[in-house]
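Quick note on labels: first sequence line is chain A, next is B, and so on, each numbered from 1.
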Protein chains: 4
Amino acid sequence: MPQKNMAANKDKTIRRILDGATKVFAEAGYSGASVDEIAKAANVNKATIYYHVGDKEALYVRVLHEVIGQTAAGIAARMNNSMTPAEKLATYISGIAQTVENYPPLPPVMMRAVESGGQILSPEVAADLMMIFGILLEILEQGAREGVFIKANPFIIYLMIIGAVAFHRNVEANWDQKPELAMLFKQMDPDFYTKLEGSFSISVANEVTRLLLRALEKQGPQKD
Amino acid sequence: MPQKNMAANKDKTIRRILDGATKVFAEAGYSGASVDEIAKAANVNKATIYYHVGDKEALYVRVLHEVIGQTAAGIAARMNNSMTPAEKLATYISGIAQTVENYPPLPPVMMRAVESGGQILSPEVAADLMMIFGILLEILEQGAREGVFIKANPFIIYLMIIGAVAFHRNVEANWDQKPELAMLFKQMDPDFYTKLEGSFSISVANEVTRLLLRALEKQGPQKD
Amino acid sequence: MPQKNMAANKDKTIRRILDGATKVFAEAGYSGASVDEIAKAANVNKATIYYHVGDKEALYVRVLHEVIGQTAAGIAARMNNSMTPAEKLATYISGIAQTVENYPPLPPVMMRAVESGGQILSPEVAADLMMIFGILLEILEQGAREGVFIKANPFIIYLMIIGAVAFHRNVEANWDQKPELAMLFKQMDPDFYTKLEGSFSISVANEVTRLLLRALEKQGPQKD
Amino acid sequence: MPQKNMAANKDKTIRRILDGATKVFAEAGYSGASVDEIAKAANVNKATIYYHVGDKEALYVRVLHEVIGQTAAGIAARMNNSMTPAEKLATYISGIAQTVENYPPLPPVMMRAVESGGQILSPEVAADLMMIFGILLEILEQGAREGVFIKANPFIIYLMIIGAVAFHRNVEANWDQKPELAMLFKQMDPDFYTKLEGSFSISVANEVTRLLLRALEKQGPQKD
DNA sequence: CATGAATGAGTTTTCATTCAT
DNA sequence: TATGAATGAAAACTCATTCAT
């Protein structure tokens, strides 16, 4: 079966391309990334990228679609209809954090995607982003409907979550290069930063969840 | 006094360069911006940029320093020692929003600055960012000391503020190009988006403030 | 065998580049030569130079290596172990002259190479120069060992040879542009300059050989 | 007397310019030298160069004229009509060497001047070079007339002298950067290189003189 | 399917030169 | 006399893209 073999090879090649591109786009952004660099990262010839995927923009769209689509799917999968809005929100936030944890290039890619506000975004990518946002929207609406959440601007909540998780992951990723920065943060909140070495995103998610639940839940948060 | 005149001209030229560069960097990011484009935006000869400021990276650092430094100064100026922590937080957030309102290129520039996590950042710019963060830190510490705020990770709060304000401004800026997006958001929260046309950032700031105070203040927020 | 064809084309392209570069570097020197000009002389796209060879300095080093290496090889090829030191010296000098005759750009390139004294010189080029010098060294040592040559500083002899041959060829090359100069020289030594039109370098070599043998040979040169 | 003062200042400025230019041209050649660099070396404003001397080429011609003219004058001054041709030749060679010793930038400047064969050379500079050459010409002619020198091509002798002295000085100047080169030469001819540390040029001159006298003098050099 | 070669159109940067003061 | 500012032209180098094989 030479066909099958060839097709499998083709898939492997495309996979290599997308992985390489994801890495390079995440590190350098759209204009900062060069097709040469991507080809090297993917260990394929530059022309192969054009043959299989198309030009730089098509490649970028495909990477975005894949990365964001996977995040969306991952979050949706965790969600469970029998959960309370508060549980859903916790799941949502930790779902994003988890994806970030497993998939470091996500935050910058996502940031640039949101940031560009649709400039380079294909309808597919826009749909992916909307899907992620849509899940949150439903949670908040359910909460409001059930009288457990106050009414709040969902887009702002969304941005607060994304901002915290994405930026934090990113700053953290650069701690190696700025040890004095890491030191500073660790001094500020020693408990937070020493308890969970290696799983920052999750503790970030917990803190964001805690804060947002305090912000959203109607019955004033207890004594604390 | 010929010198005085020349010096004034020089200052004007540098101003034009920095303004043009700020605009172009904000729109296109570091690698997306070209020195040619900046020169055109600044209405100066390309070589003049090199004469007065230096290479592209030096120009970028200078723009970052100016933009972020001004934000820091603006926020610091609004703050008043006699305010309560809650008032201070409100002032802080609206201070950032105000600067953003008056200075549209700030969010993407700032995002990239935070995002790059120090890679391209000069010590000066890092200091500026730290100054902005430091103000918040003090507010939160004062609140905790006075027993009015719960203890919370300050960096995460910081990121939530920046994320919401910066991203929001940015998405908003692209609404013209994606009218269906604007429509969507307006449908989601019609009150919010119709009340204060033209001053989005301020209403964003109010919403962020409201949410964060609910999250931070110790006595459970009242009825609401 | 498509590869073979492509490889052949590649070789031809590189050849064109090196030939063009040799010409332009020889005429204008390193800083005087522009990559644009070289591309035009080689009849290739500028980017092709960067693709195949690398940047300007790499190109220069490669040209030097080729030109000087060929000279070294050419001289070594003419030498014969059964020759007397005097015969070897004559062969050596005429070998250099011959290469110069066949390869006009050599002298300025070589001069600059020696002149720069190692600044831009790669180890490869330095080795080539040393090889040329090494051949002379051996001749002189053999002569001294056999008692036919006086002891003399070999490096100075080397410089006298290179200086005379290289400079002469070069000045000569510019005679077209300075006819009065040519005239002057021809008046000074009419025999020399009229006997062997078209083969200056060889008569230069003969004269240099004659003088150096007189200088080096132990038994006082005969009647003359 | 403000005029006098101003004139003196002007002269000082021009001196600084010429000294700086000589240095930079000697190090980098004509195209390798930049007016900016010269201005910095001369500690004057770039425009001042244009004001006092003219454009880059005019500056180059002026430097050449000064450098070569001084050499010519220096040699002529040492010469004495009562000397024998052999003494005159020795004086001539050591005169060039002496100037080189006192004035390091001379060799490269001179080399480029001869090399360019008139391309950039002004009539003045050509005259200077001819003057230096003319002195040698006369010595050789006198020697031939008096029957003490054989007939030899004067231009080749000239090139042998210049080549040895100029190149040697130059290679030597780069010994600091290529210690292994220096080592090699010193091993080859230890007597030569250890006896007269610090005055290479003079011993080079002596060696060149010795060799050329052996080559030129009619009565076969004695026993040796 | 895959790739090395080639290139047009950029990009960043430098530089000799002029000019107002 | 002297200079800081400004610039057009050109330099070195990069990059997304195409094409023959």
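Distance from the side chain of Tyr50(C) is smallest to dA12(F) among dA5(F), dA12(F), dA2(E). In this structure, the nucleotide among dA5(E), dA5(F), dA2(F) sitting nearest to the side chain of Lys10(C) is dA5(E). Minimum atom distance to the side chain of Lys56(C) is reached by dC13(F), of the listed dA2(F), dT17(F), dC13(F).
Comment: Arg62(C) does not engage Glu66(C) in a salt bridge, judged by the lack of any side-chain N to carboxylate O separation of less than 4.0 angstrom. A salt bridge does not link Asp19(C) to Lys23(C): none of the charged side-chain nitrogens sits closer than 4.0 Å to a carboxylate oxygen.
Residues that satisfy the side-chain contact (heavy atoms from CB on, under 4.5 Å) test with Asn45(D), not counting sequence neighbours, are Ala47(D), Thr48(D). Residues passing the side-chain hydrogen bond (donor to acceptor under 3.5 Å, both in side chains) test with Asp11(B), sequence neighbours excluded: none. Residues meeting the salt bridge (charged side-chain N to carboxylate O under 4.0 Å, His left out) test with Asp55(C), sequence neighbours left out: none.
The distance from atom CG of Asn9(A) to atom C1' of dT3(E) is 15 Å, rounded to the nearest whole Å. Straight-line distance from the CG atom of Leu59(B) to the C1' atom of dT13(E): 13 Å, rounded to whole Å. Between Tyr30(C) atom OH and dA11(F) atom P the separation is 14 Å, expressed in whole Å. Whole-Å rounding puts the His52(C) NE2 to dC13(F) P distance at 18 Å. Rounded to an integer number of Å, the gap from CD1 of Ile17(B) to C1' of dA6(F) is 10 Å. Protein atom CD1 of Ile49(D) is 13 Å distant from nucleotide atom P of dG4(F), rounded to whole Å. Rounded to a whole Å, the CD1 atom of Ile14(A) is 12 Å from the C1' atom of dA2(E).
Of the listed residues (Ile38(A), Ile14(A), Thr13(A)), just one forms a side-chain contact (heavy atoms from CB on, under 4.5 Å) with Val44(A), and that residue is Thr13(A).
Phosphate contact (OP1/OP2 of dA6(E), side-chain N/O of Tyr51(C), threshold under 4.0 Å): absent. Note on Thr13(A): a side-chain N or O is less than 4.0 Å away from OP1 or OP2 of dA2(E).
The closest donor-acceptor contact from the side chain of Lys10(D) to the backbone of His52(D) lies at 3.5 Å or more, if one exists at all.
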Can you give me the dot-bracket string for DNA chain F, 5' to 3', counting Watson-Crick and G-U wobble pairs with both distances under 3.5 Å, using [ ] for crossing pairs and | for partners on another strand? .||||||||||||||||||||

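Taking for each of Arg16(B) and Arg16(D) the nucleotide of DNA chain F with the nearest heavy atom, the 5'-most of the two is the partner of Arg16(D).
Within a heavy-atom distance below 4.0 Å of DNA chain F, the residues of residues 33-47 of chain B found are Asn45(B), Lys46(B), Ala47(B).
Screening residues 32-51 of chain B for salt bridge (Lys or Arg N to Asp or Glu O under 4.0 Å), with sequence neighbours left out, gives Asp36(B)-Lys46(B).
Taking each heavy atom of Ala28(B) and Ala33(B) in turn, the nearest pair found is CB-N, 3.7 Å.
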